[in-house]
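Side chains included, hydrogens not; waters and symmetry mates left out as well; all remaining heavy atoms used. Numbers for residues simply follow the sequence, beginning at 1. Just so you know, these numbers come straight off a predicted model, no measurement behind them.
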Amino acid sequence: MEQPTLPLIILPFPLVLLPGARATFPIPANLADALLRLIESSPSNPVLAAVPLVQNEGNTIVHKWAVTARITRFVRPRPNSDEPHLLTLTGLARVRLTDPPQVVNDPLPLPRLDVSYPPQDADSPPATDVVQDFKAAAIRLLERFSQDTSQSARKRESWTRIAHLVEESESHKAAALADAIISAVGAEHADKLGGSDALFRSSLMLLRHHISFVESACTLVRGFPPSAGPVGTHLYPVTAGLPHFRSQLLLLSTESPSLRLQHVTNVLAKQLSIVEVSSKIATAVDESLSKQQKALFLRQQLAAISAELQRLEPGNTDLHGTGNGVEDEDELDLLIRRVDTLPVGSEVRRAATAEARRLKRIPPQNAEHGVVRTYLEWLTSLPWTPPATASETLTRSDFLTNSKSQLDADHYGLEKVKRRLMEYLAVVRLRALIAQEAETEQAKAQEVTLKKVIDDPAGGASEADGQKENACRALIKAGEIPALPQVPVPVPPPQSLLKAKGIKAPILLFIGPPGTGKTSLGQSIARALGRPFQRIALGGVRDEAEIRGHRRTYVASGPGLLAQALRKAGRMDPVLLLDEIDKVGQSNYHGDPSAALLEVLDPEQNVAFNDHYLNVPIDLSQILFICTANSLDTISPPLLDRCEVIQLSGYTHDEKLHIARRFLLPKQLTQNGLSGPHVQLTEPALLKTVTHYTREAGVRSLERSIGGIVRFKAVEWAAHVDAQGLAPSSLPTLLPAASEPSDALVKRSKEGGVGYNPVVEADELEKILGLSRYDGEDREREARRGVVWGLVVTGMGEGEIMPVESIATPGSGHLKLTGSLGDVIKESAELALSWVKTHSYDLGITSKRAQDPLRIPDAMIDIHLHLPAGAQKKDGPSAGVAMVCAMVSLLTGKCVPPTTAMTGEITLRGRVSPVGGVKEKVLGAHRAGANKVIVPWANRKDVEHDVPKEVRARMQFVFARTVREVLDAAFGEGTLPWLTLTPVVESRL
C-alpha cells in the first residue's frame with residue numbers, strides 16, 4: 001500500500017500540537033514564502049505534518065511522531081515593521097514519520113516526507129472503567145475552573161459547557177476529547193502561573209528568539225546517524241524542567257486510546273491538586289494582608305490617641321498604659337551603653353552595634369522591635385570578657401591542699417577519682433604559675449626599657465630632640481623621676497590570649513549507678529577552683545536546637561542551653577555539668593542532639609562554637625565540662641571518644657557506714673530541726689540499716705532510711721517538748737554517759753521516767769522502718785539441690801546476685817528456659833548442657849560414657865532452667881559457669897553453699913572466659929553477704945586493681961581457668977566423684 005506524503009513543518013521548541021488543538025506561532029520569512037506558494041497552489045486549505053522539535057547536547061533532532069494539521073490562518077506583518085509572520089494550525093490526526101529526518105546545513109523549507117497512520121486495531125474503543133475515570137477527573141477539574149472568581153464570567157461559562165460536553169460524550173469519542181482538554185488545561189495552568197497576557201507576550205518573545213534556531217533546523221535529509229539512538233532517549237534530559245511539554249509529547253506518541261486516557265487522567269488529577277494548593281495560598285496571603293493592614297491602622301490610631309492625651313495632660317503620661325515610654329527609653333539607652341562595653345574589635349561587638357543601629361530605626365510598635373531588643377539583651381548579658389581574678393585562686397600556695405581537703409570533706413572514698421581530679425588541678429596550677437612568671441618577666445623587661453630611655457634620653461634620636469630633652473631635664477628638681485611623654489612601651493598580650501594557649505580542660509565522664517556522688521563531685525571541683533557551677537540536664541532532650549539554639553527566624557526563638565548556662569554563671573570559665581548524657585534523645589526529624597554535642601565537647605573545635613540564635617562565635621575552651629551517665633551502652637562512639645571515662649562502681653559497707661555517719665545523718669538532722677544530741681544511732685543499728693534495708697550501689701536509699709529514723713525521733717522529741725514545756729532547741733534531760741551501755745540507759749529511762757531516749761537501737765528499726773527488705777531468703781538462704789547464685793550487673797550499673805534455679809521433670813530429654821532470657825544467655829545454657837552431657841560419665845552421673853543423662857531408660861527427664869525475676873529481661877555472656885554448676889548439682893544431688901557466688905562464661909572445651917563488670921559484681925556479692933566468689937582467671941587483675949582492699953580482705957576469691965576448677969571450688973575438693981582426669985590441651989598451630 002502506498003504511503004501518503006505530506007509537507008513537513010517543524011514546530012518551535014517547546015510547542016507540541018495535539019489532534020483537536022489549535023496553535024499560533026511565528027515563522028521565518030523563507031518558510032512563510034514557501035507556505036504562500038503552497039496555499040496558492042492548493043484548491044483548499046492545505047494539510048501539513050507538524051512535528052515537535054527536541055534539542056539534546058547541542059544536537060537538533062525531531063520527534064518520530066507528528067500530527068496532521070490544517071492551515072486555518074496566515075497573518076502577514078505590517079509594512080516596514082519587524083513583526084514576524086504568524087501561522088495558525090489546527091491538529092487533525094496522529095501520524096508517524098516513516099523515515100525520520102536528520103538536520104543538515106542546507107536549508108530546504110517544507111520538505112515532503114512519507115507518513116503512516118496508526119493501525120486500525122490501535123483505534124479500538126477504550127475500556128469503560130478507563131473512560132469513567134477520565135470523565136470523573138476532567139469534570140472535577142473543569143468544575144474547579146468554573147468556580148474560579150479570578151476569571152471572567154465568559155471564561156467560567158465556557159468551562160462549564162466543556163464539562164457538560166465531557167459528561168455527555170460517548171466512549172469512542174473520549175480519546176479525541178482528551179487531546180483537546182489536555183491542551184486547554186495546559187494553557188490554563190500557564191495562565192495560573194503568570195497571567196495569560198503576560199504569558200503570551202513572554203512566549204512570543206521566546207519564540208522570536210527561536211526563529212533563527214528553526215531556520216537552521218528545518219533542513220532535512222533521510223536517516224539518523226547510528227549514534228543518535230531513539231528519540232525518547234534524547235527527550236528526558238532536555239525536557240526535565242518542562243513537565244507539560246513532556247506530558248504532551250508522551251501523549252502524542254501513544255497509539256492506544258486506553259493508555260492515552262489513563263495518562264490524561266493522571267495529568268488532570270495532578271493539575272487539580274496544583275490548582276487547589278494555589279487557591280489556598282492565595283486565600284492565606286489575602287487574609288494575612290488584610291490583618292496587617294488592620295493592625296497598621298489600629299497602631300496609627302493608638303499613636304494619635306496617645307499624642308492627643310499627652311498634649312492635653314502633659315503631667316500624667318501613664319494614662320491608658322502609655323506611661324512607660326520614659327522607662328523604655330532609659331532601658332534602651334542602658335542597652336545601647338552595654339553594647340559599648342563589649343570587647344573592642346570583636347565579632348560580637350560588630351554584630352551588636354549593627355543590631356543596635358537597626359533597633360533605633362524600628363518603631364516600638366513594630367513586632368520586629370521586640371525581637372531585636374531581646375537579641376541584644378541576650379548578646380550583652382553574656383560574659384564575653386575573661387574574669388580578672390580567674391588565676392588568683394590557682395596561684396595561691398595552699399591551692400592543692402585546700403582542693404584535697406575540699407574533696408575529702410565532700411566525699412568519702414573514691415580515691416582513684418580524687419587522684420585523677422588532683423592531677424588535673426595540679427596541671428592547671430602549674431600552667432597558671434608559668435603564665436604568671438611570664439607576665440613578671442615581661443614587666444621586668446618593660447622596666448629595663450624605661451630605665452634605658454631615662455638614662456639615655458637621646459637614644460639614637462636627632463640632636464635637636466636630644467638638646468630639647470636635656471633642657472627639659474635641667475628644669476627637673478633633684479629626686480624626681482622624669483616622665484617622658486611618648487615612650488614606646490611594648491603592649492602585653494591580652495589575658496584571653498594567655499588563656500587560649502593554656503591547658504585544655506579534659507572532658508570527664510563519670511559512669512556509675514545512681515546515688516554514687518557524680519553530681520556532687522562536680523560541685524566539689526567548682527568549689528576547689530573557685531568557679532561557678534552550672535548543671536544542664538540532658539535527659540530527654542530530643543531537639544538539636546536545645547544545644548545549638550533556635551534560629552531567629554522562628555517565633556519565640558532563643559539561645560541554647562550552653563549560652564543560658566554561661567549567662568547564669570556570669571563567667572566564661574564555669575564548671576559545667578552535663579547530667580545524664582546517656583539519656584539524650586536519638587536522631588529524629590528534630591536533629592541529633594548527641595551529634596551537636598560533638599562540637600561542644602571537642603577541645604579543638606569549641607573555641608568558636610556557633611549558637612544559631614546568637615550567630616557569633618563563643619569560646620567554650622575555658623569551660624571544665626563534666627559529664628555523668630549510668631551506662632555506656634547508649635552513648636554514641638564518637639561522643640564517647642571525646643570523654644575520659646571515670647568509673648564510680650559503688651560503695652562498700654564500710655564506706656556507707658562512714659558516709660552515713662559523716663554526711664547523711666548530720667544532713668537529715670539539720671533538715672528536720674534536730675541536732676546531734678537528739679538522735680544517736682548505734683553502730684549495730686546503722687549497720688543493720690545498711691545491710692537489711694538498703695542494697696544499692698549508691699546511698700540515696702540509705703539517706704531516705706536515715707531520714708525516716710530522724711523523722712520518727714523528731715515526732716517523739718516534739719511530743720516530749722510539748723509535754724514538758726521545753727524549748728525545741730534544748731537538749732535531752734538525760735544524756736548517755738560515755739561508758740554507759742545503751743541497754744543500761746534504756747533500763748534507767750523505764751525506771752527513772754526518762755521521757756525521751758535519743759538512742760536508736762537495732763531492735764527498734766523494725767518499729768521505725770518496718771520489716772527489712774533483705775532479711776528473708778537472701779540472708780538466711782539454705783543450700784538446695786539445683787540452685788546456685790550468679791552475679792549480674794543491672795541496667796543502672798549496680799551489681800547484684802541472682803539465683804539460677806533448675807529442676808528435673810518427666811519428659812523426653814529437652815531443656816526448657818524461662819525468665820525473659822536473651823539469645824546470648826540461651827546459648828550459654830545450651831553450652832552448659834552440652835558440657836554436662838559430655839562429662840556426665842566423668843562426674844558419675846551415668847554408667848556409660850555414651851549415655852545421655854537425660855535419656856536414661858525408665859528415667860526420661862527434662863531440665864527446666866529459670867532465672868528470676870521473669871519480668872526483667874536478661875542477656876549477656878557471663879552465666880555459663882553458674883548454669884553448669886546448677887545442672888551438675890541437679891544431676892548429682894550435691895549442693896553449692898549459699899554463700900558462694902560465681903560469674904564467668906564457658907567454652908565447649910571447658911575453658912572459663914573473662915567477663916566484664918567484675919568490680920560491680922563483687923561489690924554486689926559483698927552487699928548480699930557472700931563470702932566466696934568464683935571469677936575467671938583472666939579477671940584476676942580486675943579484682944586486684946579495682947576491688948577495695950577491705951572487701952578483698954573479707955571475701956575469698958577463686959580464680960578458675962577450667963570448668964573442673966569451678967566445680968571443685970563450688971562444691972568443695974573431693975565432693976564430686978571424678979572418674980577420669982581429662983586435661984585441656986591447647987593447640988599451638
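- The backbone N or O of Thr88 lies less than 3.5 Å from a partner atom in the side chain of Thr72, making a donor-acceptor pair.
- For the residue pair Thr5 and Asp114, a side-chain donor N or O sits within less than 3.5 Å of a side-chain acceptor on the partner.
- A heavy-atom distance below 4.5 Å is not found between the side chains of Leu142 and Thr160.
- Contact check for Trp378 versus Leu376: no side-chain heavy atoms found under the 4.5 Å cut-off.
- The shortest side-chain heavy-atom distance between Ile547 and Leu597 falls under the 4.5 Å cut-off.
- For the atom pair CZ (Arg22) and OG1 (Thr90), the distance works out to 4.5 Å, reported to the nearest 0.5 Å.
- Contact of the Asp611 side chain with the Val616 side chain is not registered, since no non-hydrogen atoms from C-beta on lie closer than 4.5 Å.
- With contacts defined as side-chain heavy-atom distances shorter than 4.5 Å, the pair Pro7/Leu38 qualifies.
- Side chains of Leu89 and Val67 form no contact here, defined as non-hydrogen atoms less than 4.5 Å apart.
- Here CZ of Arg112 is found 9.0 Å from CG of Leu48. Values are rounded to the nearest 0.5 Å.
- Counting only heavy atoms from C-beta outward, the side chains of Trp65 and Pro52 never approach each other to under 4.5 Å.
- Screening residues 547-559 for salt bridge (charged side-chain N to carboxylate O under 4.0 Å, His left out) gives Glu355-Arg552, Glu544-Arg548, Arg548-Glu599 as the qualifying pairs, with residues at least two apart or on separate chains.
- Judged as a ring-ring contact (aromatic ring centres under 6.0 Å, His included), and not counting sequence neighbours, Phe609 has no contacts.
- You'll find the side chain of His85 reaches within 4.5 Å of the side chain of Pro77, heavy atoms only.
- Between the Tyr117 side chain and the Arg94 main chain, no donor and acceptor come within less than 3.5 Å of each other.
- If you take CG on Leu35 and CG on Asn30, they are separated by 9.5 Å, rounding to the nearest 0.5 Å.
- Residues passing the salt bridge (Lys or Arg N to Asp or Glu O under 4.0 Å) test with Glu377 are Arg373, sequence neighbours excluded.
- No donor-acceptor pair closer than 3.5 Å links the side chain of Arg96 to the backbone N or O of Lys64.
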